[in-house]
Amino acid sequence: MALLVQLLPLALALALGPAATLEGPAKSPYQLVLQHSRLRGRQHGPNVCAVQKVIGTNKKYFTNCKQWYQRKICGKSTVISYECCPGYEKVPGEKGCPAALPLSNLYETLGVVGSTTTQLYTDRTEKLRPEMEGPGSFTIFAPSNDAWSSLSAEVLDSLVSNVNIELLNALRYHMVDRRVLTDELKHGMSLTSMYQNSDIQIHHYPNGIVTVNCARLLKADHHATNGVVHLIDKVISTVSNNIQQIIEIEDTFETLRAAVAASGLNTLLESDGQFTLLAPTNEAFEKIPAETLNRILGDPEALKDLLNNHILKSAMCAEAIVAGMSMETLEGTTLEVGCSGDMLTINGKAIISNKDTLATNGVIHYIDELLIPDSAKTLFELAAESDVSTAIDLFRQAGLSTHLSGNEQLTLLAPLNSVFKDGTPTIDAPTKNLLLNHMVKTQLASKYLYHGQTLDTLGGKKLRVFVYRNSLCIENSCIAAHDKKGRYGTLFTMDRVLTPPMGTVMDVLKGDHRFSMLVAAIQSAGLTETLNREGVYTVFAPTNEAFQAMPPGELNKLLGNAKELANILKYHIGDEILVSGGIGPLVRLKSLQGDKLEVSSKNNEVCVNKEPVAENDIMATNGVVYAITSVLQPPANRPQERGDELADSALEIFKQASAFSKSSQRSVRLAPVYQRLLERLKH
């Protein structure tokens, strides 16, 4: 019996299914928004909903939490009004909307919900009113009065001039021969209408908006004795063509038509599915430089990437967009789809000239600007949209443009413009060679780089990759922004000019007159071979100035003791390569001597053991060198450290003496003496 009680909730859950709980079925997005509107309106009485109205328009929306606090729809300010929730009405002298609307037939319910024009046109047909008043179960998506008045005079005349065919068929297309409530209106589903069994397309978006052939559902679930009425904001019409067929018949898509045929995407655009095509008009293609357009049209892979960047993975009607949202294309890129007033925007630009052309497999929005993805661009085109224009000018001046505009597989390491704030280098042979070493011979993606990897450059150098906790560096330069992968090349935006290694650590020190005393000391200590062989070292190199700042006696003593000198010098050498871009607030770097160095970076100033570094990132084939103006002392050689050791020794002696003569009176008398000695040594 106990086991049965324990299993009962599980059995109920399985019976109800994944979308249900003991409290009832999971609410749809529309119902959740309606519920939020009820919560916001409850202080005004029962069954009152808060409604947001866009100032200067007749547009009203049930409010969700985000819109409630922002008080904006498509960037336009809104005012809050309080109305009876669907299905309820006011009672004179009572607060809120306590009374449920009386049930009547579909025809009379049209008048109740504010679709009197639909009611009027129903009257004009001979057959429809009796059907709406008679027995049965129907759903009608009833256009609002404003929806009818917004029709063009030509369309309206064609309907009312032939009421028993055109008007009757139009109204029947808005009807379904069964009751369908909002909880059944699923995203991407189709309903069979009462006009020739033509499909009606339903989209139910996460923000709670429901569209019917891209007409927004204004008020839903108005029950009638013989069905249900949903009020919508447009008069809808039948849809017979798929996306490809619309492209074929529209003159404004002549260039798009040729591009789709060349790419082979026509099969996709005529297949079943629910897509959104952001369709570039002829004008959009004409805005692109002829050289760029011809290159893309002549490259099947780039062309396919271009077109896939205009196709969203799901159907998105304009009425569903009330704020910015990210949408993924078939290319895999993300577009920011938003709105500004009545205009749709793509990546913040109002480039949609005609919206909501419905197809059997989705929806088309006309755009007057091409959306070229990075994957179809040259390195020059990628750089034009990045903060690296100064570096690109240097490559151009050095005669390296062909590498950036052709079909050569490479990765460009382009320093940020801010790197050149003090001026740009003169273009000469060494500078050109340096620029060639900013071009890696293969097309890379930063997510596949690993620590210790080597990269071959067009200048003949091998560059090393260093992976740190919060940075990814190539030699002394670290990646400063997400990489951009183009058709053949990838752009890495770097935080400084890269300096390839020019010899071993020992070569670097010998080649710089500032380190002549250090070189002599290294040779005396027998460390020359260590700093010449393969390895990974970070060397904090004291300059001549650092040695000369030591007291003469102490310096002579150090230089005269090879063992102590080697110990001191090993403390200046870390056992891994740490470039400045990889230093966080504090990095503890193990030295060859055994103790750890404390390396920190703040406001672009590097310090080691709290001593400022004079120069960073002098790269060598087996390490990196930092110039410092003081000689570092290992912890055991520092006065404070020696005092701590003596104090610890005194404490240990005190403990042992106390233990040895614990019971003697002499130990008691000596205890204060030991304690005072301990305190003096610690201070």
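- Atom CG of Leu410 sits about 7.0 Å away from atom CG of Leu404, to the nearest 0.5 Å.
- Leu413 has its side chain within reach of Leu463: a pair of non-hydrogen atoms, C-beta onward, lies under 4.5 Å apart.
- Rounding to the nearest 0.5 Å gives a distance of 9.5 Å between CG of Leu435 and CG of Leu412.
- Side-chain N or O atoms of Ser405 include one that pairs as donor or acceptor with a backbone N or O of Ser401 at under 3.5 Å.
- Taken from CG in Leu307 to CG in Leu370, the straight-line distance is 9.0 Å, to the nearest 0.5 Å.
- Counted within 6.0 Å of NZ on Lys462, heavy atoms from surrounding residues, nucleotides or ligands total 12 or fewer; the atom is thus considered open.
- Of the possible polar contacts, none joining the Glu270 side chain to the Thr267 backbone as a donor-acceptor pair under 3.5 Å is found.
- Counting non-hydrogen atoms of other residues, nucleotides and ligands closer than 6.0 Å to CG of Asp428 gives a total above 12.
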Evaluate the criterion side-chain contact (heavy atoms from CB on, under 4.5 Å) for residue pair Ile321 and Val337; output intermediate values, then yes/no.
CA-CA 8 Å; Ile321 300 169; Val337 182; 3.3 Å; yes
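- Across all their heavy atoms, Ile200 and Ser193 have their closest contact at CD1-CB, 3.7 Å.
- Atom-to-atom distance recorded for Glu283:CD and Asp368:CG is 5.5 Å, nearest 0.5 angstrom.
- Panel note: side chain Glu605, backbone Lys602; no donor-acceptor pair is recorded below 3.5 Å.
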Begin from the C-alpha positions of Ile296 and Asp299 and carry the test side-chain contact (heavy atoms from CB on, under 4.5 Å) through to its verdict.
CA-CA 5 Å; Ile296 294 175; Asp299 182 344; 5.9 Å; no
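- Taking the six-membered ring for Trp and the full ring otherwise, His174 and Phe141 have centroids separated by 6.0 Å or more.
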One pair to check against side chain to side chain donor-acceptor pair (under 3.5 Å): Asn476 and Thr499. What are the steps and the verdict?
CA-CA 7 Å; Asn476 61 304; Thr499 55; 3.1 Å; yes
Tell me, with the steps shown, if Thr182 and His230 meet side-chain contact (heavy atoms from CB on, under 4.5 Å).
CA-CA 9 Å; Thr182 51; His230 304 291; 4.2 Å; yes
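- Looking only at side-chain heavy atoms (C-beta outward), Thr360 and Asp199 stay at 4.5 Å or farther from each other.
- In this structure a side-chain-to-backbone donor-acceptor pair under 3.5 Å is missing from Gln397 to Ile427.
- For the pair Glu250 and Arg257, the salt-bridge criterion is not met [side-chain N within less than 4.0 Å of a carboxylate O].
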Starting from the C-alpha separation in whole Å, work towards a yes-or-no answer on side chain to side chain donor-acceptor pair (under 3.5 Å) for Gln52 and Thr63.
CA-CA 6 Å; Gln52 282 187 279; Thr63 182; 2.9 Å; yes
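- Using a 4.5 Å heavy-atom cutoff, the side chains of Leu491 and Leu379 are in contact.
- Side-chain N/O atoms of Thr538 and Glu576 include no donor and acceptor closer than 3.5 Å.
- At least one donor-acceptor pair closer than 3.5 Å links the side chain of Asn361 to the backbone N or O of Leu269.
- Considering every non-hydrogen atom in both Leu444 and Leu449, the closest pair reads CD1-CD2, 4.1 Å.
- One side chain, Asn417 or Asp387, offers a donor N or O that lies under 3.5 Å from an acceptor on the other.
- Glu328 and Thr334 share no donor-acceptor pair across their side chains, judged by distance under 3.5 Å alone.
- Looking at heavy atoms from C-beta onward, Gln274 lies in side-chain contact with Gln201 at the 4.5 angstrom threshold.
- Side chain of Asn282 to backbone of Thr255: a donor-acceptor contact under 3.5 angstrom is found.
- Among pairs with a residue in residues 331-366, those fulfilling ring-ring contact (aromatic ring centres under 6.0 Å, His included) read Phe253-Tyr366, at least two apart in sequence or across chains.
- Here Glu331 does not pair with Lys304 in a salt bridge; the nearest charged N to carboxylate O distance is not below 4.0 Å.
- Closest approach of Ala445 and Asp483 over heavy atoms only: CA-OD2, 3.8 Å.
- A donor-acceptor contact closer than 3.5 angstrom is absent between the side chains of Asp393 and Thr390.
- Of all the heavy atoms in Tyr205 and His187, the pair that sits closest is CE2-CE1, 3.4 Å.
- In this structure a side-chain-to-backbone donor-acceptor pair under 3.5 Å is present from Thr457 to Gly460.
- Proximity of Asn213 to Tyr173: side-chain heavy atoms (C-beta onward) are separated by under 4.5 Å at one or more points.
- Defined by atom type and a distance below 3.5 Å, a donor-acceptor pair is present between the side-chain atoms of Ser580 and Arg496.
- Around atom NE2 of His482, no more than 12 heavy atoms belonging to other residues, nucleotides or ligands sit under 6.0 Å away.
- Between the side chains of Thr329 and Thr333, at least one donor-acceptor pair of N or O atoms lies under 3.5 Å.
- A salt bridge is defined here as a Lys NZ or Arg NE, NH1 or NH2 lying under 4.0 Å from an Asp or Glu carboxylate O, and Asp342 with Lys59 meets this definition.
- When all heavy atoms of Cys473 and Gly581 are compared, the closest pair comes out as SG-C, 4.3 Å.
- A donor atom on one side chain and an acceptor atom on the other are not found under 3.5 Å apart for Tyr61 and Asn207.
- To the nearest 0.5 angstrom, Ser471 atom OG is 9.5 Å from Ile583 atom CD1.
- When all heavy atoms are compared, the tightest approach of Arg487 to Ala376 is CB-C, 4.2 Å.
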Please evaluate residues Phe492 and Ile474 with respect to the criterion side-chain contact (heavy atoms from CB on, under 4.5 Å), reporting the C-alpha separation (whole Å), side-chain torsions for both, the decisive distance (0.1 Å), and the verdict.
CA-CA 10 Å; Phe492 285 0; Ile474 301 173; 4.0 Å; yes
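- Looking at Tyr468 and Leu578, their side chains come closer than 4.5 Å, going by heavy atoms from C-beta outward.
- Remark: the backbone N or O of His451 is not paired with any side-chain donor or acceptor of Arg464 at under 3.5 angstrom.
- Taking NE2 of His438 as the reference point, atom OG1 of Thr411 lies at 13.5 Å (rounded to 0.5 Å).
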Between Ser326 and Glu336, does the side chain to side chain donor-acceptor pair (under 3.5 Å) criterion hold? Intermediate values first, please.
CA-CA 5 Å; Ser326 297; Glu336 292 297 322; 2.4 Å; yes
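- In this structure the side chain of Met619 never reaches within 4.5 angstrom of the side chain of Met502, judged on heavy atoms.
- The existence of a salt bridge linking Arg295 and Glu381 is confirmed by a sub-4.0 Å separation between a basic side-chain nitrogen and an acidic carboxylate oxygen.
- In this structure, Pro280 and Glu369 have side chains that are not in contact, with every pair of non-hydrogen atoms separated by 4.5 Å or more.
- No donor-acceptor pair under 3.5 Å is formed between the side chain of Asn433 and the backbone N or O of Pro430.
- For the pair His204 (side chain) and Tyr30 (backbone), a donor-acceptor distance under 3.5 Å is present.
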Stepwise salt bridge (Lys or Arg N to Asp or Glu O under 4.0 Å) test for Lys377 and Glu385:
CA-CA 11 Å; Lys377 293 177 182 177; Glu385 301 168 357; 2.5 Å; yes
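- Annotation for Lys234: atom NZ counts as buried by contact number, over 12 foreign heavy atoms lying within 6.0 Å.
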